[in-house]
*Asks:* 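Sending over a structure as structure tokens; questions will come in a sec.
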Amino acid sequence: MEIQYFEFVKHLLHFKRTVYLDNNATTPVSKRVRRKMNQALANHYGNPSSFYGIGRKSAETIEQARQHVAKAVHAAPSEVHFTGCATESNNAVLKSAAAHFYPRKKKIVSTPIEHPSVMNTLAYLKTQGIVVEYCLVDDKGRILLAELEKQVDDDTFLVCCMLANNETGVIQDLAAVTKIAREHGALVLSDCVQALGKIPIDLHAWDVDYASFSAHKLYGPKGIGALYVKQGSPFTPLLHGGHQESGLRAGTESIHNIVGFGAACEDIEKLLAETGKIRALKRDLVQRLKKIKPDCVINSPDNETECLANTLSVTFPGVENAGLMGMLDYRGIAVSAGSACSTGEDMPSHVLKAIGLSAQAARETIRISLGHETSASDIRYTTKVVEDYVKGRASFVNMLAPAQLNENILFDENTFILDVRPPNDRERQKGLPNAHEVSPLHVERYLNQIPREKQILVYCPGGGLSVMISYYLKSKGFKRITNLRGGLDGWRKRRGDLYEKYAGQNVTVLEPDTAE
Ligand code: PLP
């Protein structure tokens, strides 16, 4: 009896525990940064463009923050411009360079493992006539410099190479990339978002022309980025309007966010000093995972100087990442599959594809990114949960393969189909017949309307979001939960015949219970 009670309490404690291992998606805002931001909100409300004292004070505060950011990346303060986010910084550079050089020069050479804010902007520029070529990378994501040398030619106006990758943590030899670009008079853009606060950055020494940064990856606020434009490198603003940021980025400055970015950068030395501790935790994690599943594959580079200390991409053959992530979430642990932007879709990450993983291996891969608050006990707890799952000891959500979803299940009276798709997907395509639509953001407000005696079939577009919600429902005492693996997209691909015949029929939109 006592043992049972102890197990029950342990079970409850597990649910309470939160372990955040997705620091490459974003980081918590540090206490010091929050304090500085609160002070700025309270005291610096003046418009920095106004000439009177209150405005001048705001302008001065911004200049102090700029100095902190510039110092952190070895740039002159006049070369650092605040933006709304790193996505904006990347867009601004790519579009500006294209406008400046095209049609005199036509080509951009990029790595194939850039963040979507670069990849999707390049895809857009292609529609405008720009030639985009992707340089090969090896199985760890390292750019093949000999290949790059062959690709960059006199028609190339820009080389685009991130400093550190968000999914695998691979670090590129940026100085070598710049040297190759220079030989052909090409400019260089480097997305340094994941590197700032994790490795030393010296923009002047590496001689890059443009670099992008984002405060929320180093314990600063979200919604504030920075753009480095080397003195003399051509740049046309993306936004036109007022003359803020030396005329390069119009719009009244977000003073508290800028102060937060500056404060985060003041802590750079401290962050860098903790790299050794974080690396040791990652090493421990790798050893534990290898013990649990000896055939697991580490996709991040082994060589310490070539990989961010905090980032681990790992493939567990035979273990679908959606189910594993759902279980980890159920036990309070946050990790990601690929990048945050692609989570929820059934598309293997372009980064994992580029380093040679098959679509199946990509679906068996998770990214674990440690942070400054990660402890040895977090690592032990996480590996224990992984072990329980991989060895089949955890309580599972059933997984239904898309091909198995047939008319018997769709029209079974004892099956309750729960549609947790986001609104944009509901606009994009019709859903399963007999489904009950709920808002995926507030599933807790529909619990009374979901029958406990029935089999609940949960589905979303790609099978990722629904597995999280499936485990949530399990934690709320629903016993018979099944997740549609591959989601609606997967089912549509495998059973296009049934989709054509039944999609969208007899759908019920549930109304949420009023919030307390
Ligand atoms: N570049 C990289 C490598 C990133 O990891 C991210 C964020 O996920 C971005 C750019 C975009 O940054 P932001 O969220 O500031 O737009």
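Both ligands and their constituent atoms are indexed starting at 1 by order of listing. When a residue number appears, it is its place in the shown sequence, counting from 1. Since the model is a prediction, treat every value here as computed from it, not as a measurement.
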*Asks:* Are any of the heavy atoms in E88 under 4.0 Å away from ligand 1?
*Replies:*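 For ligand 1, residue contact (heavy atoms, under 4.0 Å) with E88 is absent.
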
*Asks:* Minimum distance, heavy atoms only, to atom 5 (O) of ligand 1: which one of M162, Q194, K222, E114 is it?
*Replies:* Q194

*Asks:* Considering G84, A86, S212 one by one, which has a heavy atom nearer to atom 13 (P) of ligand 1 than any of the others?
*Replies:*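 Of the listed residues, A86 has the closest heavy atom.
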
*Asks:* Classify the angle between the aromatic ring planes of Y330 and Y471 as parallel (below 30°), tilted (30 to 60°) or perpendicular (above 60°).
*Replies:* tilted

*Asks:* Do any nitrogen or oxygen atoms of N24 come within less than 3.5 Å of a nitrogen or oxygen of ligand 1?
*Replies:* no

*Asks:* Atom CG of N90 and atom CG of L227: how far apart are they, to the nearest 0.5 Å?
*Replies:* 8.5 Å

*Asks:* Between V193 and ligand 1, which part of the residue brings a heavy atom under 4.0 Å of the ligand: side chain, backbone, both or neither?
*Replies:*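 For V193, only side-chain atoms sit under 4.0 Å from ligand 1.
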
*Asks:* Considering only heavy atoms of C85, which atoms of ligand 1 have at least one such atom less than 4.0 Å away?
*Replies:*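 Those of ligand 1 that fall under 4.0 Å from C85 are 13 (P), 15 (O), 16 (O).
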
*Asks:* Considering only heavy atoms, which of G225, S214, S89 lies nearest to atom 15 (O) of ligand 1?
*Replies:* S214

*Asks:* Would you call E266 and R32 a salt bridge, taking side-chain N to carboxylate O under 4.0 Å as the test?
*Replies:*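 A salt bridge is present here (some side-chain N lies under 4.0 Å from a carboxylate O).
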
*Asks:* Distance-only, no hydrogens or angles: does the R142 side chain make a donor-acceptor pair with backbone N or O of I171 under 3.5 Å?
*Replies:* no

*Asks:* Provide the number and element of each atom of ligand 1 under 4.0 Å from a heavy atom of K217.
*Replies:* 5 (O), 6 (C), 7 (C), 8 (O)

*Asks:* For ligand 1, find out whether one of its N or O atoms is nearer than 3.5 Å to an N or O atom of S117.
*Replies:*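 N/O-N/O distance below 3.5 Å does not exist for this pair.
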
*Asks:* If the threshold is 4.0 Å, N to carboxylate O, is there a salt bridge linking E320 and R485?
*Replies:* yes

*Asks:* So D489 and Q429, side-chain hydrogen bond (donor to acceptor under 3.5 Å, both in side chains) or not? Walk me through it.
*Replies:* CA-CA 9 Å; D489 291 340; Q429 59 184 340; 2.9 Å; yes

*Asks:* Using a strict 4.0 Å threshold on nitrogen-to-oxygen distance, state whether D22 and R367 make a salt bridge.
*Replies:*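 Here D22 pairs with R367 in a salt bridge, since their nearest N and O are under 4.0 Å apart.
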
*Asks:* What atoms in ligand 1 come closer than 4.0 Å to a heavy atom of N166?
*Replies:* 3 (C), 5 (O)

